[in-house]
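Heads up, the thing below is written out as structure tokens.
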Amino acid sequence: LRQPSEKARAEADVATAEVVRIEALASLDVARAEFVNALGLSDAAFRPAGQEPEPPARVAEPEAVALALQNRPELRALELQRRALTERKRSVNAGHYPRIEAIGAVQSRGQFLGGEEYDFAANNWNVAVIAHLPIFQGYLIKEQANAVQAEIHAIESGREAVRQAVVLEVKRALARVRSADEAAKAAQKAVDAAKIALDTSEGRYRTGLATLLELTDAQGVYISALSAAVRASYNRRFARAALGIATGTIGEGRGGPAGF
């Protein structure tokens, strides 16, 4: 027979576990509601995702940086702006060169002197060639080109600042991924060790060599290890998602490694 104190301790542990379960269910409902709201949906069904997929192969820092510089939308937008300004500058500089225009017109009704009478049904036509020769424009074209060049320099400076920020973000994301991977491995080792300790305590308790206190302590350590492993797994997936955002490959078909 067990001591009455052991029975009381077991009942207290059951009550505590029930409170934790209720709080966990409430947190799950809140997380589901936030997820639906983030997707912009009115309602959605949730099913267990099953076993977590294997993480992708570790990405080298040069590869991750190259992917980010290639795929980040802000860098691509600045590059397109720079190209547009370059073409605009070429258009402005074209004002230094002569410009030739050709014009022509045909009228189906007109006046044409034919003998002693006017022929109002005759077709009249005219053509002309106009040449524009810029001699002196008060440095207008030059200053316009300088203004466009200043905009190009500003775009290039801003692009360099963004590039450095992107590289720093990628390096931080890689560091977090490495840390999360190591933490997940350590958490799994803790789970395995706690499970062995729990099995041992259960065997000792059944043979009467261990008290209920020892058994509940082992169960608590095992549950804590499982919780830590779940948090480590979440942190690992979150870190890899952050790396995908940093490299601009979070979506499918963006040229990044699978699993980002």
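Along the sequence shown, residues carry numbers from 1. Computed over heavy atoms, backbone and side chain alike; hydrogens, waters and symmetry mates excluded.
- The main-chain N or O of A175 is never found under 3.5 Å from a side-chain atom of S179 such that the two would form a donor-acceptor pair.
- Applying the 4.5 Å side-chain rule to ILVMFWY residues, one finds I130 in the same cluster as I103.
- Summarising the local packing, CZ of R88 is surrounded by 12 or fewer heavy atoms from other residues, nucleotides or ligands at distances under 6.0 Å.
- T200 contributes a side-chain N or O that, together with a main-chain N or O of I196, makes up a donor-acceptor pair within less than 3.5 Å.
- A distance of 10.0 Å separates OH of Y222 from CD of E202, quoted to the nearest 0.5 Å.
- With rounding to the nearest 0.5 Å, the separation of CG in L174 from CD in E169 is 11.0 Å.
- Although no hydrogens or angles enter the test, the distance criterion places a donor-acceptor pair under 3.5 Å between the side chain of T207 and the main chain of G203.
- Taken to the nearest 0.5 Å, the CD1 atom of I223 stands 8.5 Å off from the CG atom of L198.
- Between the R72 side chain and the A246 main chain, a donor and an acceptor come within less than 3.5 Å of each other.
- N71 places a side-chain N or O within donor-acceptor distance of the main-chain N or O of L67, the cut-off being under 3.5 Å.
- Remark: R178 CZ to L243 CG distance equals 9.5 Å, nearest 0.5 Å.
- Atom CD of E23 sits about 11.0 Å away from atom CD of E18, to the nearest 0.5 Å.
- A salt bridge links K195 with D199: the distance from a Lys NZ or Arg NE/NH1/NH2 to an Asp or Glu carboxylate oxygen falls below 4.0 Å.
- The side chain to side chain contact (heavy atoms under 4.5 Å, CB included) test with K89 is passed by exactly one of V92, T86, L85, N93: N93.
- In this structure, Q81 CD and E79 CD are separated by 10.0 Å, a value rounded to the nearest 0.5 Å.
- Heavy atoms of other residues, nucleotides or ligands lying less than 6.0 angstrom from CG of L25 number more than 12.
- Comment: E160 engages R163 in a salt bridge, judged by a side-chain N to carboxylate O separation of less than 4.0 angstrom.
- Residues forming a side-chain hydrogen bond (donor to acceptor under 3.5 Å, both in side chains) with E214 (at least two apart in sequence, or on another chain): R204.
- Note on L75: it clusters hydrophobically with V65, by side-chain heavy-atom contacts below 4.5 Å among ILVMFWY residues.
- Listed here is the closest heavy atom pair of T247 and A64: CG2-O, 3.5 Å.
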Checklist entry - Hey, mind stepping through I155 and E151 against side-chain contact (heavy atoms from CB on, under 4.5 Å) and telling me if it holds? => result CA-CA 6 Å; I155 290 293; E151 294 183 33; 5.5 Å; no
Item to check | side-chain contact (heavy atoms from CB on, under 4.5 Å) between N37 and R32, worked out | outcome: CA-CA 9 Å; N37 183 70; R32 287 176 173 176; over 6 Å; no
Item to check | Stepwise side-chain contact (heavy atoms from CB on, under 4.5 Å) check, R159 with R82 | outcome: CA-CA 9 Å; R159 187 176 186 276; R82 187 192 66 80; 5.7 Å; no
Next on the checklist: Quick one, R176 with D181, criterion salt bridge (Lys or Arg N to Asp or Glu O under 4.0 Å). Give me CA distance, side-chain angles, the key distance, then yes/no.
Outcome noted: CA-CA 8 Å; R176 293 190 181 100; D181 287 342; over 6 Å; no
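- For the pair A187 and A229, the tightest heavy-atom approach, listed with the atom from each and the gap, is CB-CA, 3.7 Å.
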